[in-house]
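Below: one structure in structure tokens.
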Number of protein chains: 2
Amino acid sequence: MVRPRLKDVAELAGVSIKTVSNVVNDYPHVSGETRARVEAAIAELSYRPNLSARSLRAGRSGVVALAVPDLDNPYFAELATHVIEAADRRGWTVLIDQTQGDRAKERVVISGIRDHLIDGLLFSPLALTGKDLAGRDERTPMVLLGERVGTGRSPYDHVGIDNVAAARAATLHLAERGRRRIAAIGVQRTAAAATGRLRLKGYQQALAEAGLPADPSLVAPVARWGRADGAEAMSRLLGSGAPDAVFCFNDTLALGALRTLLTRGYEVPGDVMVMGFDDIEDGRFATPTLSTVAPDKALIAQSAVDLLAERLGGGTDKAHEVCVPHRLAFRESTEMPRKGT
Amino acid sequence: MVRPRLKDVAELAGVSIKTVSNVVNDYPHVSGETRARVEAAIAELSYRPNLSARSLRAGRSGVVALAVPDLDNPYFAELATHVIEAADRRGWTVLIDQTQGDRAKERVVISGIRDHLIDGLLFSPLALTGKDLAGRDERTPMVLLGERVGTGRSPYDHVGIDNVAAARAATLHLAERGRRRIAAIGVQRTAAAATGRLRLKGYQQALAEAGLPADPSLVAPVARWGRADGAEAMSRLLGSGAPDAVFCFNDTLALGALRTLLTRGYEVPGDVMVMGFDDIEDGRFATPTLSTVAPDKALIAQSAVDLLAERLGGGTDKAHEVCVPHRLAFRESTEMPRKGT
């Protein structure tokens with residue numbers, strides 16, 4: 001069989017050779033529909049672009065990396081899905097790294113060891129320090145997600161949410177519903193605990209604002225943010241006098257806590273209200289459904305991809321700081337059923 | 001700052017230059033501990049290997065691709081986590097593609113358009129046909145996961161489970177517990193439905209074996225395998241005379257069905273038993289906890305990575321067919337509480 005050429009792909013797809021070339025080179029200014037038609041023709045003909053020439057011409061691999069702690073955490077799985085979709089709209093492929101929030105692995109991510117493969121990096125670090133970042137060679141554009149790293153001015157674009165305000169609003173919601181012994185699950189004793197510290201701060205602010213005492217026995221530390229950790233922390237809280245509400249720093253902790261409460265015969269929300277954070281899909285189908293803080297994950301992903309695209313396009317002005325909005329989702333775990341129904 | 005050299009990394013890590021070179025070139029015969037020490041030293045020194053020379057020498061990128069339908073499905077998120085871990089033990093990075101089970105996207109995955117980036121491909125296709133596969137240029141090693149594609153002899157290694165046997169055992173479990181109106185949720189009317197067809201076959205075999213009639217009104221088709229689809233299908237089943245058990249073709253369908261049952265006031269398992277498939281973590285923390293078919297996901301991932309490593313090492317004998325074992329996990333959604341407790 002004669003090796004198919006660019007011209008053959010263009011003919012089959014009914015587009016110009018220039019358009020095929022744009023698709024092959026991952027240039028963004030091709031509509032999704034046209035791109036799909038060209039890709040179908042490429043598949044049909046088993047066409048292979050002359051890749052060494054391509055790389056030299058474009059200077060781009062068409063690949064960006066997304067580094068997250070853990071895809072087993074539905075928040076990061078959902079975020080990754082949104083990032084892949086946003087990247088796909090630009091014709092980019094996403095390479096995913098899992099760091100387990102381990103500082104050594106996070107330092108490898110920013111070390112540039114794979115920079116020949118990727119055009120840019122989207123990174124949600126947990127354990128990285130400001131010093132780690134300061135030592136980075138900045139040749140490959142990077143956008144940071146999640147908590148700010150370090151305290152100084154950062155040269156990196158950053159997309160996050162206002163964790164203190166969100167945690168404060170979630171806790172106030174519980175106080176407004178008349179709860180007085182509001183527990184918190186999710187503080188961590190590790191360096192990789194910035195998010196937990198911010199959510200604890202919001203929780204404490206809300207208690208003060210509602211005139212409730214800050215009882216340290218109501219703050220349950222955990223090793224990790226998984227369902228099993230939430231279940232175990234809730235058992236500990238029940239052992240030292242049951243709270244009447246619990247704010248969990250993410251939804252998997254909350255789903256674990258919920259399981260413990262229901263197993264022990266507590267009614268939710270009657271005896272104990274439960275509030276989570278992240279709005280993962282699991283919580284919307286739990287019984288009772290889980291009230292939660294809902295950050296706009298699609299917008300986080302879109303903002304990060306847009307910022308990276310701007311950097312790749314040569315944008316060199318100062319680092320952008322994007323704060324994506326969140327809302328509270330009130331569901332059955334904090335909504336008392338109406339009397340008489 | 002003087003650009004650090006291989007020698008500096010070796011010195012800091014306390015290993016030989018040869019060992020650093022092995023790590024940089026992603027050769028598998030380096031222990032995890034040594035690799036971690038070298039990577040830490042690489043990060044510490046911001047060492048960058050001379051990558052063009054490296055690629056020429058090794059002829060490898062150290063990257064493999066994993067293509068799955070959807071990371072939002074916890075089964076694939078958990079499988080991806082296991083694949084990343086197994087690949088990490090060989091020093092490989094995993095690039096993840098989402099295909100949405102769309103045939104055009106799946107054909108792009110096997111088209112070789114990104115083969116310059118990857119050493120090999122692990123692929124869990126949904127819509128791909130035997131003809132699509134037959135037309136593939138086989139230069140980049142590929143291992144298939146999930147259902148077999150096409151009917152003929154395949155040149156590709158394949159890792160799967162025995163879906164018919166697993167679905168049959170799951171359904172028989174419900175019959176053995178005295179259930180007579182056992183419904184099934186998960187048949188799809190699309191081409192990308194091989195898994196569903198096999199699980200339906202196992203369900204039907206079990207009904208015949210248990211002497212139960214095959215009532216077509218108890219088989220509820222769905223568009224996708226998500227929680228919302230399971231919830232909606234359960235509503236339909238309840239509208240046409242409630243079943244006393246339901247076998248859902250995956251756990252997210254089952255969690256959706258469970259939500260509908262509890263919302264409508266049905267007791268699970270008392271009124272309706274619920275059985276899922278996949279053993280995702282969500283089901284272990286639902287109330288009631290979800291009985292399910294538990295395929296050995298870690299072994300699926302490990303087998304696929306091992307087969308790919310064998311191909312990359314030059315293994316050229318005929319394609320391997322690996323059937324990974326499964327077990328049934330009996331939890332609260334099918335276990336009647338003991339009388340008197």
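Being a predicted model, the structure only gives us computed values, none of them experimental. Letters go in sequence order (proteins before strands), and every chain restarts at 1.
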Legend entry - Heavy-atom side-chain proximity of B/Gln98 to A/Asp88 below 4.5 angstrom: no
Legend entry - Min side-chain heavy-atom separation A/Asp282-B/Arg227 under 4.5 Å: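 Contact flag for A/Asp282/B/Arg227 side chains = yes.
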Inset, instruction - With the side chain counted from C-beta on, respond yes when A/Glu78 and B/Asp72 share a heavy-atom pair under 4.5 Å apart, and no when they do not. - result: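 They are in contact (side-chain heavy atoms under 4.5 Å apart), so the answer is yes.
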Legend entry - Under 4.5 Å from any heavy atom of chain A - which part of B/Thr289: both
Legend entry - Any A/Leu71 side-chain heavy atom under 4.5 Å of B/Ile96 side chain: yes
Inset, instruction - Below 4.5 Å from any heavy atom of chain A, which atoms of B/Ala286 appear? Answer side chain, backbone, both or neither. - result: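 Answer is backbone: N, CA, C or O of B/Ala286 sit under 4.5 Å from chain A.
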Legend entry - Top of B/Val94, B/Thr260, B/Leu255 for chain A proximity - count of heavy-atom pairs under 4.5 angstrom: B/Val94
Legend entry - Partner chain A: residue of B/Gln100, B/Glu85, B/Arg107 with the largest heavy-atom pair count (under 4.5 Å): B/Arg107
Inset, instruction - Heavy-atom distances under 4.5 Å only: say whether A/Ala231 touches chain B with side chain, backbone, both or neither. - result: side chain
Legend entry - Interface moiety of B/Ala65 toward chain A, non-hydrogen atoms closer than 4.5 Å: neither
Inset, instruction - Among the options A/Leu262, A/Thr252, A/Asp70, pick out the one with the most heavy-atom pairs lying under 4.5 Å from chain B. - result: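 That would be A/Leu262.
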Legend entry - NZ/NE/NH1/NH2 to OD/OE distance under 4.0 Å, B/Arg259 and A/Glu281: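 Judged by the 4.0 Å cut-off on N to carboxylate O distance, B/Arg259 and A/Glu281 do not form a salt bridge.
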Inset, instruction - Evaluate the side-chain proximity of B/Leu95 to A/Thr93: yes if any heavy-atom separation is below 4.5 Å, no if none is. - result: yes
Legend entry - Residue B/Arg224 excluded, over 12 heavy atoms near CZ under 6.0 Å: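 No - once you tally the heavy atoms of other residues, nucleotides and ligands closer than 6.0 Å, there are 12 at most.
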